[in-house]
Structure formats: structure tokens, C-alpha cells
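A quick note: this is a predicted structure, and the numbers were derived from the prediction, not measured. Values below: all heavy atoms of this structure, side chains included; hydrogens, waters and symmetry mates excluded. In the text below, chain A, chain B and the rest are named by the order of the sequence lines, each starting its count at 1.
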Amino acid sequence: MSQVLCNILHKTALIQLEEKFRHLIISNNQLIRNKSINLPRPRLRNPTWLTKKHRSLEPNFLTQENKEFLKEVVSDKYQNIQPQSVINTNIEWNSKLKRTGLICKKIGVYPMWLQNGKKISTTLIQVLDNHVVKYISPEEHNPPRKRIEKIINKKGCLIIGAEAADPFLFTKEYCGIFKGSGVIPKKFLARFFVSPEAVLPPGTLLTAMHFPVGHYVDIRGKTTDRGFQGVMKRHGFKGMPASHGVTKTHRRPGNIGGGGEKGRVWPGTKMPGHMGNRYRISRGLKIWRINTKYNVLWVSGQAIPGETNSLVYVYDSLVPSKKPTEPLPFPTFLHGDELPEDIYDKEVHSFEGPSILFDESK
Amino acid sequence: MINTTKNFVKLKTFKVFNFRNVYRSCSTEASLNNTNEEENATQEGFKKSFAEYRHIYPEFLPDPEVKLRNVIREKLERKDMIARRSQIAIPEFYVGSILSVTTSDPHSPGKSETFVGICIKREGCGLRAKFILRNVIDHEGIEVLYEMYDPTIQKIKVLRLEKRLDDELLYLRDALPEYSTFDPNMEPELLVEGAPVPVNSLKVKLKPRPWVDRWERKNLQGVQDIDLPERFWVKAAKVATPWEKYDLMKIYKKTIPAEEQRKYTMKSNHNCKS
């Protein structure tokens, strides 16, 4: 017994020491890196709960009958996914609470028209079959990269899965993530920080109605991979003239630094290099229309990061001027009565409506 | 309430899709009254007309860029297009046809504007479909670009349904003004029902250079002999790419094969029925 206690004490003392050292090291680095320099991208550290996803599909010598039986078992087991416990709907939404985001797919761009005759281009974003898989409380949350400063109002995380797939494609460990939740193993997983009040039980379905029409969202996606690009495409430089005696330097950057005391290439100089294939966020996009049948959001703008049919993550906007004025469905929208198929913003002209006429009175 | 409106839309769209011949006679009002032809049409007749729809409604075909396609987006887009077509009749027309378009303008409230002109370009798929009309008014060439599904458009009327020898008539900008002058008060010309669309083999005379484009390099059919010095033709022959018509992969990437088009038109019609 005493040995165990000793061990625990020893461990805690070590952890404390480590934390002190970490504080020292990182704060020193911070001082050096005070200047805003284009630093290399931080190494991707996967969260602790993520395991190897796909398994090698060896011949497993299953007969046709056995395969069909296994399919039947899967379909029976995951026929109706229900929330594991009751969702707490008593809490009123306020601006300090943070709700979960959704895993979506960018499916294309097309124009819409407003009631005043103005044309806007909108991006269609399809909300996939999002299910809550797991909740990690603020106390349990143990990220591989720790912050030095103390966090007030620590947030928990919701792990959300999208796009149901055949469980036999995945490893045993990956399927283990979904074990207690009753959710069929999903292709894509994402983690969203939420306030502890916005917790949702595993198995909860999240739909496009999570975001009301007229609400502003931020969208995070991976930009199109353009490969190694020159300075004109990557940074929008002007290049050099096409004629007037210019030789072999039509698309080059020109001068990249001064002489004398500054006689070197300064860090952060814009140069050719790899372009795209990085996560970028476009913020403060308005939702103009929602289709409840196919779970599609019409969002303003046509420059949302990512190609068509690529994955994006959508969450409530963090832009201060675009905070919602009316209360949001908290913790999420719960489907009760039947909804109309298309829900439009007040300003949007529906294609089913009559042609726009401008009155003199207005 | 919602269900009834839906049915209403469906009925109307069904009619819009099946009375091509009525549209051909160019009137927009008479189009939604006839009901006999649908009953008489045999299965084969249906198939034949489906094959023609891809020429009449080219914007219903999927994006030629395969990367930009998505089944659900296309379904929603077509639904919106049909919803708009239930409000105004967008008739069959081609590059070279003469149209009159009536729109409402926020700067002249309570009134409507009508523009008559020849269609010199038609492009875009889905709700992005658009066309350019050209006319010469008071000795001044005027072009207007219209979005086909813009709700400020009140009426689109075909005054003369015909095709020209080229896919684009942008060279009318450099032709003599008489070739793009049309009477704004023109009466619609009627065609016999079921007759093929006539091709106007008019050859246009271009003004002397300077032009907006190098027309001698475009292999234009609807243009009279261009009078240019020898060096222009030498350069044109140098930059010509006559092998491109044998580049099957390039053609495949640019266009949608006829079989696939037929499949798509059948599918979209099935969607709007069910």
C-alpha cells in the first residue's frame, strides 16, 4: 500500500517538474519568436484517441452465405441509432456558450437572387450523416500539445463521425472508438470544442437544422493542392514585361533583397514554393437557404476552401460583428414536427415565386 | 398547402417539357393550354423527343468538367430550374435566333424594358446559363447579357427561330451594321408544327481591320471571303491546330458523349415526373 502511494507521489512530483521545465523552455522560445515570421507548419500530432483506421483486406475465406449473414448482423445492429441518454434541453442559449460544429461536404456553387433583384453566388454544403460518437470532459481532455497559460472556462470536446461505412473495412481498434455509442463505424471523425453545457449523448443525430437560416458560420477546409508554384500564381506578383528587350525573365520575382547592412535574404520573403493543400478558414458566411430533405446549406460566397466534393467543417461564426441576435437551438435542433423541404431567408427570392416587379411605392 | 403547390409545379413542368411544338410557334401564352399531344404520344415518340431535348435544353446537361459534378447538387439545381420554368416559359432558341426579352428594372420602378436582338452567344450550364443579345439602335451597336433564370426577367419571346452556320456569332461586332440591325417592333414569325429548325446560310461581310479578334484564324463559315494580305494567312496556317479534331481525349473532356446525354435527359425527366 505504502509502495503504491510512494509511486503516485513520485509520479506527481515528476509531472510537476516536467511542467515547470516545459514552461521555461517554451517561454524562452516565445521570446525569440516574437517577430511574426513565416515559420514552418507545426508537425501534425494526432489526438490520443485516434488509432490506425484501415486494415489490409486479406482473403478471409468466408463463404457467400457467411458474408450475407455478417451483413445482416451489421444491418440489424445499426438499424436505428438512438441517443444513449436524454438530451438536456433546459439550458437557454447565451453568447458565452459554444455549440458543436458539423462535418460537411462542399458540393458546388450556383447563383441565387435576392428580393431586390440582386444576384448572389452561393456555395452548397451538404451536411453528412453526423452522429455524436464520444464526449471528452474538460478534466479528461489531455491534448498532446499543452498550453502554458492556465485556461479559464475549459471546454470539453465532442467527437463526431460522418459517412457510415462497412465495419469490415476498418481495424478492430478503430471500431473500438464507436463501441459504447451504438453508432455504426464512420469514415470521417472530427473533434469540436464545446462548453460542458452543450454536451450531447452519443448516438445523437445532427442535421442541417443545427444552423438556422440567416445565421453566420465559419467554414474550415483544405485548399486545392496546386503543387510547386511560381511567384506570380502563389503571391500575385506582376512579373516582368512580355517585350521591350526583356529576356528569360517574364514570370520571375526580380529583386529579393537589399544590399549593405541588410545584404541578405530576409526571413519571410515571398518566393516560389508549394501552394495549397493547407487548412484555411473562411469566416462570417451567411446561410441563405436550407434544404431539409437532402440536408443542404446554401452559404454565401464561392471561395470556400477545398475542391467540389471535398470535406469541410462548419461551426458558428467567431466574428464578433456576426454573432447571432436571436437564440440558437441549444444544444442542437431536435426534430419534432415535419418541416418544409426548403427554408429561405427573408431577403431571398424563391425560384417557385413569381417574377420580381419593382413597385413605385418602394 | 405545401403538397398542393408542389403538385401544381409538377403538372406545369410536365407540360413545359412536352409541348415543344407549341413553343416552336414562338408564342409564350398559348403554350400551357394544349393537352392532346401528350395522350397521343407513343413510347417511341417519347424516346425520340428525349433525344432532341439535349439540343433544346442544353443547360440541363451536367457540367462538362467532371470534377465539378455532384449528383445531389444537380438534382437541386434542376429542381430550381424547373420551378423557375413553371413561372415563365423559356422557349427553345439557338445562336442566330431573334429574341425579345422583357425585364423589370429597379431604376425605373413600375415599368418594364424590352430589348430585341439576335442571340450571338449562349453558354453556361445549370442556373448559370446565359445568352447575349445584339442589336444596332440609333447607329450604335448594343449588346445585353441576360441570365436565363434571372427572376427579374418577365418574358422571353422568340421572334424568329433559326440557326446560323457558326456556334458563336461574335464576329457580328466587326461586321457591317446592317447584319445586326433588327426592328424593335418586329412581329413573331410562325413555323409549321413539327418542322425542323431552319438554318440560315447567310454570309456576313466584315468591315476592314482593326477587329476585336483575329477572325481569319477561326475558320468561320458564315463570313464572306476576307480580304487580307498574304502574311495574315501564312501566320494563320502556322498557328492552326488541324490535328485537334483527331484528339479524341480532348473532345471527350470538353463535351459529354451522346449516349450519356441521352441517359441524363431520361433521368432528369424521370426525376421531375416522380
### Query
Where does Val296(A) contact chain B at under 4.5 Å (heavy atoms): side chain, backbone, both or neither?
side chain
### Query
Between the side chain of Arg69(B) and the main-chain N/O of Asp63(B), is any donor-acceptor distance below 3.5 Å?
yes
### Query
Does Pro184(B) offer a backbone N or O that forms a donor-acceptor pair with the side chain of Asn135(B) under 3.5 Å?
no
#### Entry: Residues in residues 343-350 of chain A that sit under 4.5 Å from chain B, counting heavy atoms only
His349(A)
### Message
Between Gln154(B), Lys67(B), Arg73(B), who has the most heavy-atom pairs with chain A when the cutoff is under 4.5 Å?
### Response
Arg73(B)
### Query
Relative to chain A, which segment of Leu76(B) carries a heavy atom at a distance below 4.5 Å: side chain, backbone, both, or neither?
both
### Cation over ring face, Arg122(B) and Phe93(B), 6.0 Å, 45°
yes
### Task
Measure distances from Ile88(B) to the heavy atoms of chain A and classify the residue's part below 4.5 Å as side chain, backbone, both or neither.
side chain
### Whether over 12 other heavy atoms sit under 6.0 Å from Lys53(A) NZ
yes
### Query
Between Arg85(B) and Glu59(B), is there a side-chain N and carboxylate O pair less than 4.0 Å apart?
yes
#### Entry: Among the listed options Leu124(A), Asn291(A), Val109(A), Ile356(A), the residue most often paired with chain B at heavy-atom distances under 4.5 Å
Ile356(A)
### Query
So, Asn295(A) side chain and Thr207(A) main chain: donor-acceptor pair closer than 3.5 Å or not?
no
### Query
Once the angle between the rings of Tyr146(B) and Phe115(B) is folded into 0 to 90°, is it parallel (under 30°), tilted (30 to 60°) or perpendicular (over 60°)?
tilted
### Task
Decide, yes or no, whether a salt bridge links Lys111(B) with Asp105(B) under the criterion of side-chain N to carboxylate O below 4.0 Å.
no
### Task
Please report the closest heavy-atom contact between Cys125(B) and Pro64(B), naming both atoms and the distance.
SG-CD, 4.5 Å
### Task
Measure from the side-chain N and O atoms of Arg278(A) to the backbone N and O of Thr223(A), and report whether any donor-acceptor pair falls under 3.5 Å.
no
### Query
Under a 4.5 Å heavy-atom cutoff, which of Arg128(B), Glu77(B), Lys79(B) has the most pairs with chain A?
Glu77(B)
### Message
If the contact rule is any heavy atom under 4.5 Å from chain B, which residues of residues 112-123 of chain A qualify, in numerical order?
### Response
Trp113(A), Gly117(A), Lys119(A)
### Query
Does any N or O in the side chain of Asp80(B) come within less than 3.5 Å of the main-chain N or O of Phe351(A), such that one atom is a donor and the other an acceptor?
no
### Summary
All heavy atoms of Gln126(A) vs all of Ile72(B), minimum pair found to be NE2-CD1, 3.3 Å
